[in-house]
Visitor: 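Could you have a look at this structure, given as structure tokens, before my questions?
The analysis underlying the following values was restricted to heavy atoms, covering all of them including side chains, and did not include hydrogens, waters or symmetry mates. Letters go in sequence order (proteins before strands), and every chain restarts at 1.
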Protein chains: 2
Amino acid sequence: MTTRTAGKRRAILTGALTVFARDGYTRASIDAIAAEAGVSTRTIYKHFTDKAGLFQAVIRDSGARAAETQLAAIDRFLRKVTDLEADLTDFGVAMAAPSPGDEAHFALVRQINAEAGHIPPEAIEAWQEAGPRRVKRELARRLGELLPLSDPELAARHLMALIATAAPSPHDPPPSSSRTAELVAAAVRVFLYGYRGER
Amino acid sequence: MTTRTAGKRRAILTGALTVFARDGYTRASIDAIAAEAGVSTRTIYKHFTDKAGLFQAVIRDSGARAAETQLAAIDRFLRKVTDLEADLTDFGVAMAAPSPGDEAHFALVRQINAEAGHIPPEAIEAWQEAGPRRVKRELARRLGELLPLSDPELAARHLMALIATAAPSPHDPPPSSSRTAELVAAAVRVFLYGYRGER
DNA sequence: TACAAACTACCACGATCGTTGTACTTTTGG
DNA sequence: CCAAAAGTACAACGATCGTGGTAGTTTGTA
């Protein structure tokens with residue numbers, strides 16, 4: 001196998017994710033990324049053309065991973081629904097309380113949102129299509145099967161916005177998991193009551 | 001009057017807001033800010049100690065201005081309510097469709113969210129208290145007078161999250177104002193139905 | 001009108017950083 | 001076991017940038 005180069009490549013991608021997510025594109029230095037990945041700077045340039053190219057690769061990689069995780073959560077909690085409110089709440093908790101690995105991805109998304117004007121539009125577009133939009137469409141599809149909805153995509157947008165209400169803010173200390181569960185439950189209730197009478 | 005120095009100071013603050021919001025803290029250069037403000041770099045250092053000090057001053061200034069605008073919207077649309085749904089929608093449109101001046105502030109908030117780990121916590125705290133939290137408290141107070149709510153702060157959070165659904169994304173082209181109005185109206189409906197039956 | 005404060009233009013310094021070249025070492029596959 | 005590929009250490013380049021100094025110019029004011 002190409003085990004060596006693939007391993008290094010992955011190490012670079014995860015190290016770069018950590019540093020880009022923490023420091024942002026401009027502040028992140030190649031040296032810091034190399035140190036975080038346990039790799040020499042020269043090796044980075046063997047695998048990626050530029051700092052910009054590395055950043056885009058990180059966006060693609062982290063976006064695809066996060067999308068997989070979230071699609072898995074949809075499938076896990078929303079495939080067979082017995083108690084809609086309870087299952088939506090479980091789903092929301094899975095979305096709002098990121099495992100330590102996904103933490104960095106959320107910070108990366110914040111960087112992307114801030115840097116939007118300095119990233120090539122094709123890169124943004126590809127990321128959105130493979131990541132957020134894909135998830136939103138799938139969630140809309142499931143919701144449309146579970147509720148009578150005239151605009152499932154909009155409902156998905158509303159649900160995600162409400163659930164994000166329970167996600168830890170980048171400024172405050174992270175809430176306890178029981179507090180998170182309460183917040184998600186409240187958000188889901190608003191969503192369900194809001195869409196109860198149809199529309 | 002100190003008309004001269006005050007005018008320059010304001011020019012620096014607005015120019016710095018433009019550049020910081022567009023480029024972020026690290027990428028923004030003092031030269032670019034000086035050019036944008038129509039001022040020499042040396043003058044910037046007469047008015048502010050550091051690049052970091054200038055950034056914090058911009059955060060304070062822009063945050064205070066935005067808070068005033070938003071508090072004014074609360075007062076304007078939610079003081080005397082005749083048709084709750086219509087008035088909440090008008091309020092939401094005012095929040096989600098920023099006038100060109102507030103546009104930069106929204107971008108700045110994205111920069112703050114991305115840079116959170118590199119800004120002194122006191123600065124973040126002061127900004128949040130004078131800006132977002134103040135607005136949220138006032139909105140919660142008004143909502144509590146208009147609806148039977150067990151947790152007005154949470155309701156305010158939900159309403160703002162739903163309304164933000166209609167705000168233009170930093171990636172896509174800005175939606176038409178009529179589309180924005182539709183989205184806000186839908187968000188407000190979900191909120192009202194969601195909180196209709198109490199809680 | 002004259003003076004002090006504010007402002008400007010210009011230069012220079014030290015630091016950081018992206019990127020590449022080169023010579024050396026390690027690993028892997030035949 | 002040995003060649004080729006991958007990785008490393010190290011140095012160097014050019015560019016950008018924050019920041020301060022200095023000397024001259026503008027402007028508000030007494």
Visitor: Would you say C/dC7 has OP1 or OP2 under 4.0 Å from some side-chain N or O of B/His47?
Guide: yes
Visitor: Of the listed nucleotides (C/dG18, D/dT8, C/dA9), which one gets closest to any side-chain atom of B/Arg42?
Guide: C/dA9
Visitor: Under 4.0 Å between a side-chain N/O of B/Lys8 and OP1 or OP2 of C/dT8, yes or no?
Guide: yes
Visitor: Tell me which one of A/Leu146, A/Val93, A/Ile163, A/Leu143 satisfies side-chain contact (heavy atoms from CB on, under 4.5 Å) with A/Leu88.
Guide: A/Leu143
Visitor: Whole Å only: how far is the OH atom of B/Tyr25 from the P atom of C/dT16?
Guide: 15 Å
Visitor: Can you label the angle between the B/Phe55 ring and the B/Phe20 ring as parallel, tilted or perpendicular, going by 30° and 60°?
Guide: perpendicular
Visitor: Find the distance B/Ile30:CD1 to C/dT8:C1' and express it as a whole number of Å.
Guide: 16 Å
Visitor: Does A/Thr43 have a side-chain nitrogen or oxygen under 4.0 Å from the phosphate oxygens OP1 or OP2 of D/dT8?
Guide: yes
Visitor: Is A/Lys46 close enough to D/dA5 that one of its side-chain N or O atoms is under 4.0 Å from OP1 or OP2 there?
Guide: no
Visitor: Take atom CZ of A/Arg9 and atom C1' of D/dG7, then tell me their distance rounded to the nearest Å.
Guide: 16 Å
Visitor: Specify the closest pair of heavy atoms between B/Val135 and B/Leu71, including all atoms of both residues, with the distance to one decimal.
Guide: CA-CD2, 4.1 Å
Visitor: Side chain of B/Ser29: nearest nucleotide among D/dC17, C/dA9, C/dG18?
Guide: D/dC17
Visitor: What is the distance, rounded to the nearest whole Å, between atom CZ of B/Phe48 and atom P of C/dC7?
Guide: 11 Å
Visitor: Between D/dG7, C/dT20, C/dA9, which one does the side chain of A/Tyr45 approach most closely?
Guide: C/dT20
Visitor: Would you say B/Lys51 places a side-chain N or O within less than 4.0 Å of OP1 or OP2 belonging to D/dG18?
Guide: yes
Visitor: Under a 4.0 Å N-O cut-off, is there an ion pair linking A/Asp87 with A/Lys80?
Guide: no
Visitor: Please report, rounded to the nearest Å, how far the C1' atom of C/dG18 is from the CZ atom of A/Arg27.
Guide: 17 Å
Visitor: Pick base, sugar-phosphate or nothing for B/Ala32, based on heavy-atom distances below 4.0 Å to the nucleic acid.
Guide: nothing
Visitor: Could you state the CD1-P distance from A/Ile12 to D/dA6, rounded to the nearest angstrom?
Guide: 13 Å
Visitor: Roughly, in whole Å, what's the span from CG in A/Asp31 to P in D/dA9?
Guide: 12 Å
Visitor: Could you tell me the separation between the CD1 atom of B/Ile33 and the P atom of C/dT8, rounded to a whole number of Å?
Guide: 15 Å
Visitor: For B/Ala52, answer base if it contacts any base atom (sugar-phosphate contacts may also be present), sugar-phosphate if it contacts only those atoms, and nothing otherwise; contact means non-hydrogen atoms under 4.0 Å.
Guide: nothing
Visitor: Hey, is B/Asp75 close enough to B/Arg142 for a salt bridge, meaning N to O under 4.0 Å?
Guide: yes
